[in-house]
J.: 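The structure that follows is given in the form of structure tokens.
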Protein chains: 2
Amino acid sequence: MQKTPAEFKAEILAALAHPNRIRIVEYIRKDIRCNCELAPALELEQSNLSRHLKILVQAGVLVSWKDGLRVNFKVADERIFKILDTATALAKQFVEKKIEALQEA
Amino acid sequence: MQKTPAEFKAEILAALAHPNRIRIVEYIRKDIRCNCELAPALELEQSNLSRHLKILVQAGVLVSWKDGLRVNFKVADERIFKILDTATALAKQFVEKKIEALQEA
DNA sequence: ACGCTATATGAGCATTCACTCATATAGTCA
DNA sequence: TGACTATATGAGTGAATGCTCATATAGCGT
């Protein structure tokens, strides 16, 4: 079945729309990391991390390649960070507005 | 319970990460729309649409105000479109790369 | 071959999500 | 007031998600 444009956009956003996946992407930033390094750093269970990484790769957020036993990852495109940074700015502004509204009341 | 930074970012992305909600936001773009106009235009059941709109408002993607019987909506911030447009560009590029890879093989 | 390390995946579980139908609420107008 | 319109919400359902434990696979070094 053919995917609609909205479905394509939703897919990449859905891949990013999870706290642990955001932590993974931000931890990797410009460096190259392997699964084995991420698990202890982010305190994620190995199989859980592996599944999150798979989701990110399948959505095109990360690219991965094998290096012996390890699988390395890097962020596929700088624009991923633009999305995250914009989301951060919006979230921050939204929370601040809410606090303002509370203080006025 | 205190929300982590990653959770805040994930929330706004999760609000956007659904095909129907993307369609809603893109239909509204810069215009002001009411629930009653969106339902037939997007072919969404009224209660379903109402719930999607609630999610978008709660995440700060849309702002709403009452006007008589109607509830009107507009997109809260231009940067929402930056996120959507970037996601679109990334999705497009990713699909194209996949097709290339298939043709090489 | 063996053991060891890194990663992937099957199965099961609890939770959340998207949807629909029916009903409730709120505002308008005669 | 009552009829009508617009929106919200309770309840139920099936599907998807995130997690964990256990097991499988794959590549290394001895």
J.: Between N or O atoms, less than 3.5 Å apart, protein on one side and nucleotides 14-16 of chain D on the other: list the pairs.
T.:
none

J.: Below 4.0 angstrom from OP1 or OP2 of D/dT5, is there any side-chain N or O of B/Asn35?
T.: no
J.: Checking B/Arg33 side chain against B/Phe73 main chain: does a donor-acceptor pair fall under 3.5 Å?
T.: no
J.: Please state whether the phosphate of C/dA8, meaning OP1 or OP2, lies under 4.0 angstrom from any side-chain nitrogen or oxygen of A/Ser50.
T.: yes
J.: I want to check one thing: is the phosphate of C/dT28, taken as OP1 and OP2, less than 4.0 Å away from some side-chain N or O of B/Arg70?
T.: no
J.: Give a yes or no on whether the backbone of A/Gln46 and the side-chain of A/Ser50 come within a donor-acceptor separation of less than 3.5 Å.
T.: no
J.: Can a donor-acceptor pair be found, under 3.5 Å and without considering hydrogens, that links the side chain of A/Glu96 to the backbone of A/Gln93?
T.: no
J.: Tell me the interatomic distance from A/Glu11, atom CD, to D/dT17, atom P, rounded to whole angstroms.
T.: 10 Å
J.: Would you name the heavy atoms of A/Ala10 and B/Ile22 that are closest together and state the gap between them?
T.: N-CD1, 3.4 Å
J.: Can you list, by chain and residue number, the hydrophobic cluster partners of B/Ile99 when the side-chain cut-off is 4.5 Å?
T.: A/Phe8, B/Val95
J.: Using whole Å, report how far CG of B/Leu53 lies from P of D/dT9.
T.: 12 Å
J.: Mind listing the closest non-hydrogen atom pair of A/Lys9 and B/Ala87 along with its distance?
T.: O-CB, 4.4 Å
J.: Side-chain heavy atoms under 4.5 angstrom apart, residues restricted to Ile, Leu, Val, Met, Phe, Trp, Tyr: same cluster for A/Ile55 and B/Leu13?
T.: no
J.: Nearest whole angstrom, please: distance from the C1' of D/dG27 to the CH2 of A/Trp65.
T.: 18 Å
J.: Could you tell me the separation between the CG atom of B/Leu42 and the P atom of C/dC19, rounded to a whole number of Å?
T.: 12 Å
J.: Rounded off to whole Å, could you give me the CD1-to-C1' distance for the A/Ile24 and C/dT7 pair?
T.: 14 Å
J.: The side chain of A/Lys54 is closest to which nucleotide in this list: C/dT9, D/dT9, C/dT7?
T.: C/dT9
J.: Write down the distance between CG (A/Leu49) and P (C/dA8), rounded to a whole number of angstrom.
T.: 9 Å
J.: Over how many whole Å does the gap from B/Gln58 atom CD to D/dA8 atom P extend?
T.: 11 Å
J.: Are B/Asp85 and B/Arg29 ion-paired here, with the side-chain N under 4.0 Å from a carboxylate O?
T.: yes
J.: Going 5' to 3' along nucleotides 19-26 of chain D, which nucleotides have protein heavy atoms under 4.0 Å from the base (write B), which only from the sugar-phosphate (write S), and which from neither (write -)?
T.: SBBB---B
J.: Could you tell me the separation between the CZ atom of A/Arg23 and the P atom of D/dG18, rounded to a whole number of Å?
T.: 14 Å
J.: Any sub-3.5 Å donor-acceptor pair from A/Arg70's side-chain atoms to A/Cys36's backbone N or O?
T.: no
